[in-house]
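Chain identifiers are assigned alphabetically (A, B, ...) following the order of the sequence lines, protein sequences preceding nucleic acid strands; residue numbering begins at 1 within each chain.
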Number of protein chains: 2
Amino acid sequence: MKHSNAIEPVSDRLLHAAVEVFAEYGFRDATVRDICSRANVNVASVNYYFRSKESLYTQVLAFSFREANRLYPQDAFLEKNIPSEQRLTLFIRNFLNKLMDDSHLGLHSKLITREIADPTKALDDILKVEIVPQINLLEEIIQPIIGIKADKLTIQRCLLGIYGQCLMFKHSRSIIDRLYPELIADHSAIETCAEHIAQFSIAALTQIAHQQEKSTS
Amino acid sequence: MKHSNAIEPVSDRLLHAAVEVFAEYGFRDATVRDICSRANVNVASVNYYFRSKESLYTQVLAFSFREANRLYPQDAFLEKNIPSEQRLTLFIRNFLNKLMDDSHLGLHSKLITREIADPTKALDDILKVEIVPQINLLEEIIQPIIGIKADKLTIQRCLLGIYGQCLMFKHSRSIIDRLYPELIADHSAIETCAEHIAQFSIAALTQIAHQQEKSTS
DNA sequence: AATCGATTAAAACAACTGTTTAATACGATC
DNA sequence: GATCGTATTAAACAGTTGTTTTAATCGATT
């Protein structure tokens, strides 16, 4: 006797349930039984359809990245003929929206930041396929703002600074929820935060650019 | 028969071992048996000296904050007669050094950031006693830079931005280790990063201050 | 030397973990 | 309708977890 909501294949139900559970508890604290009960399937199904809990987790991560990129495509700021400042603003807005998406499919960013904060074996693959290309894109964007003469390490520090301002909203969500809930009350509030980070960073970057010019002239 | 290194009381050995294990694995994945074997005591000792694993964790967190504040006192930038920019620089340098301290006693910051990223019941106490005062101090420091007219929410966003740039080095350590290890190779490299964050932030803050003046005049 | 409270030790507890097994039910093919 | 591979189930497995129990040991006091 199949269960009530049997429209969706078992393996798909497992994958979706696993996204929820892994996002909520992390790989180590998520339990196979929890996943299976949410998917309304037997405990043995995880090992039947996916080889193991770990293999399921890997596939969940891959699926999450696909979904995140589907919902928040990076098309808008790929065009190189718009001003760098505007490209940076678009990039930050897109990234922050992706991070703060609390909808059903926004669990993906939780998974990823969890993986960064507490890496499993899966991190190295993620780095290569997803994170490095995104970082390279951001570097390409801020390069014209900061100037050609900029030190390589300086650029790296700027990159991390911009990422840090964004990721703060995810990694320290627990604190923001408790101290500054207004900042992330709704979508428009988050947009304002993105706008702020962009202006903050552009101001700093141009300032650094001026200093570079001075010191090398 | 007592064990070899019996100079230190059992409860102290347990506490120190617990700092290591909780920092490395987090509360949920740390095991009582691991802690006890590192402290060279029986498994039952945790429940004998501390009531439970959870109670031990609470005491470990409190101990860690005491140690962190002992090693990185906030005296230097408490004096209000030095320029705000310099106070901010000192604050950031102190904070980043505290975060990146990899020595034996630097495990404390690992514990704290872990607690922020994945809160237990203990977080609310930590917030009140340790984090809020530090945030208030930073707010007091940047207030003069950003100007009196600044919006309350704007100040909050700036606060988070500065914290985010610093915490990035802790929360996303796994990525920095893999992509930009030079940035945190040694103490002087970290100092340079602190200097960078300070300049980056000051540039942005003064820029915001100018914009505020324009829009309200 | 006997006694008492505090400490340590080994063992067992019950609950939970991921995984496996072995039996059953199903659905299509012959 | 029997047969065969697939899917599902309940049960059990072996390992680990935090905690408790019960007994042994120690050190000081009487």
Under 3.5 Å, N/O pairs linking protein and nucleotides 10-17 of chain D:
{"residue": "D:dA10", "atom": "N7", "partner": "A:Asn42", "partner atom": "ND2", "Å": "3.4"}

Anything under 30° is parallel, anything over 60° is perpendicular, the rest tilted; go ahead and classify B:His16 against B:Phe63.
tilted

Heavy-atom nearest pair, A:Leu96 first then A:Ala194, reads CD2-N, 3.6 Å

Between CZ of A:Arg51 and P of C:dT19 the distance, given in whole Å, is 10 Å

A:Asn47 atom CG is separated from D:dT9 atom P, nearest whole Å, by 15 Å

Strictly below 4.0 Å, N to O, side chains only: are B:Asp34 and B:Arg38 in salt-bridge contact?
yes

Test side chain to side chain contact (heavy atoms under 4.5 Å, CB included), reference B:Ser64, set B:Glu115, B:His108, B:Gln59, output is B:His108

Taken to the nearest whole Å, CZ/B:Phe22 to C1'/D:dG18 is 11 Å

B:Leu14 atom CG is separated from C:dA9 atom P, nearest whole Å, by 11 Å

Please determine whether a side-chain nitrogen of the Lys or Arg among B:Glu54 and B:Lys121 lies less than 4.0 Å from a carboxylate oxygen of the Asp or Glu.
yes

Check your understanding: Are OP1 or OP2 of D:dA7 and a side-chain N or O of A:Tyr48 less than 4.0 angstrom apart?
Key -> yes

Rounded to whole Å, the OH-P distance (A:Tyr57 to C:dG18) equals 14 Å

Just checking A:Val46: base, sugar-phosphate only, or nothing, at a heavy-atom cut-off of under 4.0 Å? nothing

Could you tell me if the side chain of B:Arg28 sits less than 4.5 Å from the side chain of A:Arg28, heavy atoms only? no

Rounded to whole Å, the CD1-C1' distance (A:Ile35 to C:dG18) equals 11 Å

B:Asn40 atom CG is separated from C:dA10 atom P, nearest whole Å, by 12 Å

Distance under 6.0 Å and angle within 45° of the ring axis: does A:Lys53 meet both against A:Phe27? yes

| task | Look at all strands and tell whether B:Phe50 reaches a base, only sugar-phosphate, or nothing, counting heavy atoms closer than 4.0 Å. | result | nothing

(request) Have a look at B:Ser52 and say if it touches a base, only the backbone sugar-phosphate, or nothing, with a 4.0 Å heavy-atom cut-off. (result) sugar-phosphate

